[in-house]
**Q** 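This is the structure I have questions about; it appears just below.
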Amino acid sequence: MRTAELRMKEETAVAERRGVEKGREEGREEGNKNTVRVLTVTIRKMRPEINESDLFKQIKKSVGPDFSLSDDEIRKIIHQNLK
């Protein structure tokens, strides 16, 4: 009986940790989307004539290697914010 209770507690703790980690990942991704939006607007204000590919290159230089958004997602956000 005691072993079953401990196992249930362990399983609950593991499930809670996974939920927290998933929440962090989703939060980080949303934060990264906001980062791309802010960078797009900022760079666009500095260089109004910039095109999407140059802007993409500048943003890729600005973000770290552990950035959670794919290149396609970054391009999509840029395109949406340059309209």
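Side-chain atoms are counted along with the backbone in the values below, which use heavy atoms only and exclude waters and symmetry mates.
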**Q** Would you name the heavy atoms of Ile78 and Leu55 that are closest together and state the gap between them?
**A** CG2-CD2, 3.6 Å
**Q** Under 3.5 Å, is there a donor-acceptor pair between the side chain of Glu73 and the main chain of Ser70?
**A** yes
**Q** Could you state the interatomic distance from NZ (Lys33) to OG (Ser68), rounded to the nearest 0.5 Å?
**A** 8.5 Å
**Q** Among Asn81, Leu39, Ile50, find the one that has a side chain to side chain contact (heavy atoms under 4.5 Å, CB included) with Arg44.
**A**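 The option that passes is Ile50.
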**Q** With a 4.5 Å heavy-atom cut-off, do Val36 and Phe56 have their side chains touching?
**A**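 Side-chain contact under 4.5 Å: no.
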**Q** First locate atom CG of Leu69, then atom CZ of Arg75, and finally report the distance between them rounded to the nearest 0.5 Å.
**A**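 These two atoms lie 13.0 Å from each other.
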**Q** With side chain to side chain contact (heavy atoms under 4.5 Å, CB included) as the test, pick out the partner of Val38 among Thr42, Thr40, Val41, Thr35.
**A**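 Filter result, single survivor: Thr42.
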